[in-house]
Amino acid sequence: MTTRAICCLGLRKQYPARPAPVEAVNGLDLEVNVGECFGLLGPNGAGKTTTIEILEGLLPATAGEVEVLGRHWGEEDDALRQRLGISLQETRLAEKLTVRETLTLFRSFYRHGLTPAAVLEQVQLGEKANASVGKLSGGQKQRLAVACALVGDPELLFLDEPTVGLDPQNRRQIWEILRSFRAQGRTILLTTHYMDEAERLCDRIAVVDHGKVIALGTPAELIARLGGDHLVEVAFEGEGLDDSALHHLPGVVSVRREGDAWCLAVTAPHVTIPALLQLLESAGRRLARLTTRHASLEDVFVTLTGRHLREDEPRVA
């Protein structure tokens with residue numbers, strides 16, 4: 001039995017365009033193990049959705065090798081699709097059908113699977129079984145979309161932004177559904193714009209930018225690569241300091257500009273902060289604000305790509 005659920009080598013997807021073709025995926029290598037929840041992170045336009053649609057068999061690759069559950073697309077595709085569950089970034093369901101009718105329809109696509117009633121209870125929609133899809137809230141529709149992906153009892157679940165736009169309560173409900181699925185030894189590949197979601201759910205993460213994997217590891221491993229366990233964010237009045245002065249403070253591993261502030265990755269904040277305050281005083285700069293926090297996956301992402309994962313967050317200057 002293979003230990004790899006997904007393997008792709010040298011994956012490329014090129015779209016014709018003028019004056020030059022667009023490389024949506026540009027030599028991407030990826031391996032996902034059976035039984036893990038694997039996260040694919042990247043800014044908009046990085047190639048995440050294109051990659052996942054190639055792996056799902058929805059798009060042909062321009063070049064490269066793709067293996068899913070030990071099979072290649074183009075060889076017994078229907079048998080492979082019977083083993084997959086897919087929830088697209090935007091799932092448009094017929095709004096006049098009831099929840100039960102919708103799930104019954106999706107169950108009919110599979111030779112084997114779960115009963116619609118069992119899946120509705122699993123995603124906590126049993127009380128909405130007779131409600132029309134159009135009457136559901138946004139969170140309920142998202143849970144129904146996940147239910148449609150689960151009803152075939154898949155070995156491998158593809159989820160593209162499964163909780164986008166949901167409130168914290170609905171997000172956590174979907175997290176519990178996914179944890180239960182993974183606890184059965186099943187495999188999940190998901191893309192997400194929420195760093196806390198990736199940290200909580202994913203065993204390993206690949207950061208993708210410009211169509212390539214630029215970092216790979218567990219959340220803890222990726223955070224450790226920053227070199228500093230803590231972040232010190234500081235803003236001050238007046239003209240900015242030369243960032244070389246910040247680099248030379250004791251305990252500082254790296255420095256980046258974050259809007260009107262500086263973000264310092266440090267190993268020992270109790271050593272760095274007094275030295276920082278002394279530097280500001282000697283330079284005649286008045287402190288506007290100072291905060292400390294533990295380093296996160298978001299900091300890894302910004303360090304690697306120079307951008308925040310979500311468009312509505314501040315950009316690095």
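Across R143 and Q124, no two heavy atoms sit closer than the pair NH1-O, 3.1 Å. Minimum interatomic distance between L41 and F301 (heavy atoms only, all atoms of both residues): C-CE1, 4.3 Å. Of all non-hydrogen atoms in T192 and A198, the two that sit nearest each other are CG2-CB, 4.1 Å.
The environment of H247 atom NE2 is dense: over 12 non-hydrogen atoms of other residues, nucleotides or ligands sit within 6.0 angstrom. Surrounding CD of E75 are more than 12 heavy atoms belonging to other residues, nucleotides or ligands, all under 6.0 Å away. Residue-environment remark: NZ (K128) stays at or below the threshold of 12 foreign heavy atoms within 6.0 Å. Atom CD of Q169 is surrounded by 12 or fewer heavy atoms from other residues, nucleotides or ligands within 6.0 Å.
A distance-only check finds no donor-acceptor pair linking the side chain of T191 to the backbone of K48 [under 3.5 Å]. Looking at Q140, its side chain does come within 3.5 Å of a backbone N or O of S137 through a donor-acceptor pair. Side chain of D299 to backbone of S296: a donor-acceptor contact under 3.5 angstrom is found. No donor-acceptor pair under 3.5 Å is formed between the side chain of K13 and the backbone N or O of T50. Side-chain N or O atoms of N26 include none that pairs as donor or acceptor with a backbone N or O of E23 at under 3.5 Å. Put simply, the side chain of Q142 gets close to the backbone of P162: a donor and an acceptor are under 3.5 Å apart. Checked by atom type and distance alone, the side chain of S180 never pairs as donor or acceptor with a backbone atom of I177 at under 3.5 Å. Side-chain atoms of D243 do not come within 3.5 Å of backbone N or O of L246 as any donor-acceptor pair.
Using modelled atom types and a 3.5 Å distance limit, the side chains of E197 and T163 yield a donor-acceptor pair. Side-chain atoms of R100 and N130 form a donor-acceptor pair, as typed in the model, at a separation below 3.5 Å. A donor-acceptor pair shorter than 3.5 Å cannot be found between the side chains of N33 and T3. Residues W262 and E233 have side chains that never bring a donor and an acceptor to within less than 3.5 angstrom of each other.
Remark: D78 engages Q82, R111 in a side chain to side chain contact (heavy atoms under 4.5 Å, CB included) (not counting sequence neighbours). When the ring pair (Phe, Tyr, Trp, His ring centres under 6.0 Å) test is applied to F106, the partners found at least two apart in sequence or on another chain are F109.
Looking at Y194 and E199, their side chains never come closer than 4.5 Å, going by heavy atoms from C-beta outward. Within the 4.5 Å cutoff, no side-chain heavy atoms of L216 are placed close to those of L222. Side-chain contact between I86 and L157: absent, with no pair of heavy atoms (C-beta onward) separated by less than 4.5 Å. Considering only heavy atoms from C-beta on, L144 stays 4.5 Å or farther from V123 through its side chain. Between R179 and R200, some side-chain heavy-atom pair lies under the 4.5 Å cut-off. H230 places none of its side-chain heavy atoms less than 4.5 Å from the side chain of T292.
Between R182 and D203 a salt bridge is recorded (basic side-chain N to carboxylate O distance below 4.0 Å). Looking at R4 and E36, no side-chain N of the basic residue comes within less than 4.0 Å of a carboxylate O on the acidic one, giving no salt bridge. Looking at D229 and R293, no side-chain N of the basic residue comes within less than 4.0 Å of a carboxylate O on the acidic one, giving no salt bridge.
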Could you walk me through whether V213 and V207 pass side chain to side chain contact (heavy atoms under 4.5 Å, CB included), step by step? CA-CA 6 Å; V213 173; V207 180; over 6 Å; no
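A cation-pi contact, defined as under 6.0 Å to the ring centre and within 45° of the axis, is absent between R286 and F236.
How far CZ of R83 is from CZ of R186: 11.5 Å, rounded to the nearest 0.5 Å. Here the straight-line distance linking atom CD of E258 with atom CG of L231 works out to 9.0 Å at 0.5 Å rounding. Summarising the geometry, atom CG belonging to L88 is positioned 6.0 Å from atom CD belonging to E56; distances are rounded to the nearest 0.5 Å.
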